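Because the structure is a prediction, the values reported are computed rather than measured.
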Amino acid sequence: AALVLARALEAGGDRADAMAWVDRAQIAGGDAAVFVGQGGDPIQQVRAMNASGDSAAALVMAQDLLSRNPGAADAYMLVGDLLAETGDPMAAFDAYARAEALGFSPSLLARMVSLARRENNPAAVRNLLLRFLRSNPADVGARHMLADDYLDMGQSANAAALYAGLIAVLGPNDAALQFNYARALLEAGRPSEALARARLAYRVQPGNPAAVHVYGYVALKAGHADEAVEILQKAVALQPGSKLARFHLAQALAARAA
């Protein structure tokens with residue numbers, strides 16, 4: 001749950017709080033390192049200093065902490081976080097890679113993927129996820145990120161396979177999983193299966209604008225124009241400013257009239 005919240009905070013632009021929640025998730029998972037020669041919580045002391053605006057001093061303190069704890073992945077991650085925040089992504093990646101050599105935790109994966117995405121490096125994102133999953137094949141978070149990545153990159157068959165596996169583990173009541181699975185199935189040339197999944201996503205969350213829109217669009221592409229019109233009218237009502245929803249509704253109306 002902490003990692004999910006961290007991703008949400010980062011998406012909203014609050015990287016400092018996001019990293020604090022990643023740290024909390026790591027500690028909760030039993031991965032926190034033990035640092036020598038420090039009173040209190042040294043990670044939080046560094047983060048507090050950074051939050052106060054003294055990023056240069058925070059980085060010096062973090063590097064000093066690392067020099068005295070060279071076997072602590074947490075220390076490398078802390079240095080990586082500060083380097084990423086201060087605009088040195090290459091050095092941050094290097095610090096994270098050194099942490100990875102000591103142990104590739106979910107919190108480290110989240111940091112590295114976040115930085116690779118900020119640097120607009122989709123190949124690095126893919127490599128990170130695949131590398132992590134080779135050692136942690138059952139990790140749901142990484143599998144979900146990889147499925148989304150495959151979908152975004154147009155590798156719909158791979159995405160569909162991953163979404164199917166996630167739904168088998170997590171159950172059918174995650175609307176986002178279901179409508180992304182529907183999108184992947186549609187793009188993979190399986191419209192009937194896609195429509196079944198889109199209907200299920202809609203039943204799970206009938207007020208979710210994304211689920212409604214995807215359902216209507218999949219119905220349109222599956223050849224169910226009447227159903228598409230009904231659902232896309234609701235999608236437009238839920239998202240009156242969405243040009244794409246209006247465009248798909250126009251397409252559905254044209255298909256029904258043909």
Side-chain angles (χ1 to χ4, degrees), residues 1 3-8 10-12 113 117 122 125-126 129-130 133 137-258:
L3 282 177
V4 172
L5 179 56
R7 290 180 66 191
E10 182 191 22
V113 166
R117 285 177 173 159
V125 171
R126 180 80 51 84
L129 292 170
L130 290 172
L133 285 167
D139 188 275
V140 169
R143 288 164 65 190
H144 198 164
M145 283 191 284
L146 184 59
D148 291 346
D149 184 62
Y150 278 138
L151 185 61
D152 290 342
M153 298 299 290
Q155 297 188 26
S156 50
N158 288 336
L162 280 167
Y163 286 130
L166 287 166
I167 290 168
V169 171
L170 299 174
N173 294 323
D174 186 320
L177 270 181
Q178 292 287 3
F179 71 66
N180 277 340
Y181 187 25
R183 289 174 55 204
L185 289 167
L186 182 66
E187 292 173 15
R190 297 158 63 182
S192 296
E193 295 172 75
L195 183 55
R197 289 293 168 176
R199 287 169 176 160
L200 181 54
Y202 178 75
R203 287 199 296 272
V204 171
Q205 283 191 352
N208 181 320
V212 176
H213 190 175
V214 168
Y215 173 22
Y217 177 73
V218 171
L220 171 63
K221 292 300 182 181
H224 294 253
D226 287 340
E227 184 176 2
V229 168
E230 177 185 351
I231 299 302
L232 286 167
Q233 285 174 334
K234 181 174 180 178
V236 170
L238 288 170
Q239 311 172 84
S242 172
K243 293 181 180 178
L244 187 58
R246 291 182 179 277
F247 175 67
H248 288 155
L249 175 57
Q251 287 184 314
L253 289 167
R256 186 174 69 176

Query - Qualifying side chain to side chain donor-acceptor pair (under 3.5 Å) pairs with a residue from residues 155-169, counting only residues at least two apart or across chains - result: D148-Y163, Q155-N158
Query raised in the report: So which heavy atom on V218 is nearest to which on A194, and how close?
Result: CG1-C, 3.6 Å
Hey, can you pull the donor-acceptor pairs under 3.5 Å for the side chains in residues 229-236, sequence neighbours left out?
unit_1	atom_1	unit_2	atom_2	d
K234	NZ	Y202	OH	3.1
K234	NZ	P206	O	2.9

Query - Minimum heavy-atom distance between A182 and A198, given as atom pair plus value - result: CB-N, 3.7 Å
Requested in this report: Output all residues satisfying side chain to side chain donor-acceptor pair (under 3.5 Å) with R143, sequence neighbours left out; order by chain, then residue number.
Outcome: none
**Report entry** With R199 via salt bridge (Lys or Arg N to Asp or Glu O under 4.0 Å) - residues at least two apart
**Finding:** E227
Query raised in the report: Considering residues at least two apart in sequence or located in another chain, which fulfil the ring pair (Phe, Tyr, Trp, His ring centres under 6.0 Å) criterion with Y217?
Result: H248
All N/O donor-acceptor pairs, side-chain side in residues 169-177, below 3.5 Å, sequence neighbours left out:
unit_1	atom_1	unit_2	atom_2	d
D174	OD1	A176	N	3.1
D174	OD1	L177	N	3.0

Query raised in the report: Roughly how far apart are L162 CG and L166 CG, rounded to 0.5 Å?
Result: 6.5 Å
Query raised in the report: How far does NZ of K221 sit from CZ of R183, to the nearest 0.5 angstrom?
Result: 14.0 Å
Report task. Considering non-hydrogen atoms only, spot the tightest contact between A159 and A147 and give its length. Result -> CB-O, 3.6 Å
Requested in this report: List the atom of A201, the atom of A211, and the distance in Å for their closest heavy-atom pair.
Outcome: O-CB, 4.2 Å
**Report entry** With D149 via salt bridge (Lys or Arg N to Asp or Glu O under 4.0 Å) - residues at least two apart
**Finding:** R126
Query raised in the report: With side chains defined as the heavy atoms from C-beta onward, is the minimum distance between L195 and Y215 less than 4.5 Å?
Result: yes
**Report entry** Listed once per pair and sorted, the salt bridge (Lys or Arg N to Asp or Glu O under 4.0 Å) pairs that draw on residues 243-258, sequence neighbours left out
**Finding:** none
Requested in this report: May I have all residue pairs that pass side chain to side chain donor-acceptor pair (under 3.5 Å) and include part of residues 188-197, sequence neighbours excluded?
Outcome: Q178-R197, R190-E193
Report task. Let me know which of D139, L133, L151 forms a side-chain contact (heavy atoms from CB on, under 4.5 Å) with L146. Result -> L133
Requested in this report: Name all residues meeting the side-chain contact (heavy atoms from CB on, under 4.5 Å) criterion together with A237; count only those two or more places apart in sequence or in a different chain, and write none if there are none.
Outcome: none
Query raised in the report: With sequence neighbours excluded, what pairs up with A255 under the side-chain contact (heavy atoms from CB on, under 4.5 Å) test?
Result: L220, A225
